[in-house]
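Single-structure report; data block below.
Computed from a prediction, not measured in an experiment: that's the story for all the values here. Sequence positions, counted from 1, serve as the residue numbers for this chain.
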Amino acid sequence: MIEIKKGTSLSLGRGFHEACEDIKLQKKFIIYAGKDRFPLSHAITAIALFDFMEILKEKKNNEI
């Protein structure tokens with residue numbers, strides 16, 4: 001599950017948590033306007049957009 005925040009606020013609504021429970025996800029990310037990467041509660045990682053794009057590139061390269 002990915003939630004994108006326009007600013008640096010990392011508050012999550014009830015809908016995010018309900019969706020994660022409904023589909024039983026193991027990886028959850030909040031992409032935000034900050035520069036750091038750090039864990040939040042319930043297996044959620046806060047991550048900058050640039051860093052998240054790097055993860056996607058690595059995953060794509062490993063599939064080839």
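Every pair tested for salt bridge (Lys or Arg N to Asp or Glu O under 4.0 Å) that includes a residue from residues 25-53 fails, sequence neighbours excluded, so the list is empty.
Every residue two or more places apart in sequence or in another chain that forms a salt bridge (charged side-chain N to carboxylate O under 4.0 Å, His left out) with Lys57 is listed here: Glu54. The side chain to side chain donor-acceptor pair (under 3.5 Å) search around Glu18 returns Arg14, not counting sequence neighbours.
To the nearest 0.5 angstrom, Asn61 atom CG is 11.0 Å from Leu56 atom CG.
In this structure, Ile23 shares a hydrophobic cluster with Met1, Leu10, Leu12, Phe16, Leu25, Ile30, Tyr32, Phe38, Leu40, Ile44, the cluster being traced through Ile, Leu, Val, Met, Phe, Trp and Tyr side chains under 4.5 angstrom apart.
What you find for Ala48 and Gly34 is that their closest heavy atoms are CB-O, 3.2 Å.
Note on Lys5 versus Glu3: salt bridge recorded, some NZ/NE/NH1/NH2 to OD/OE distance being below 4.0 Å.
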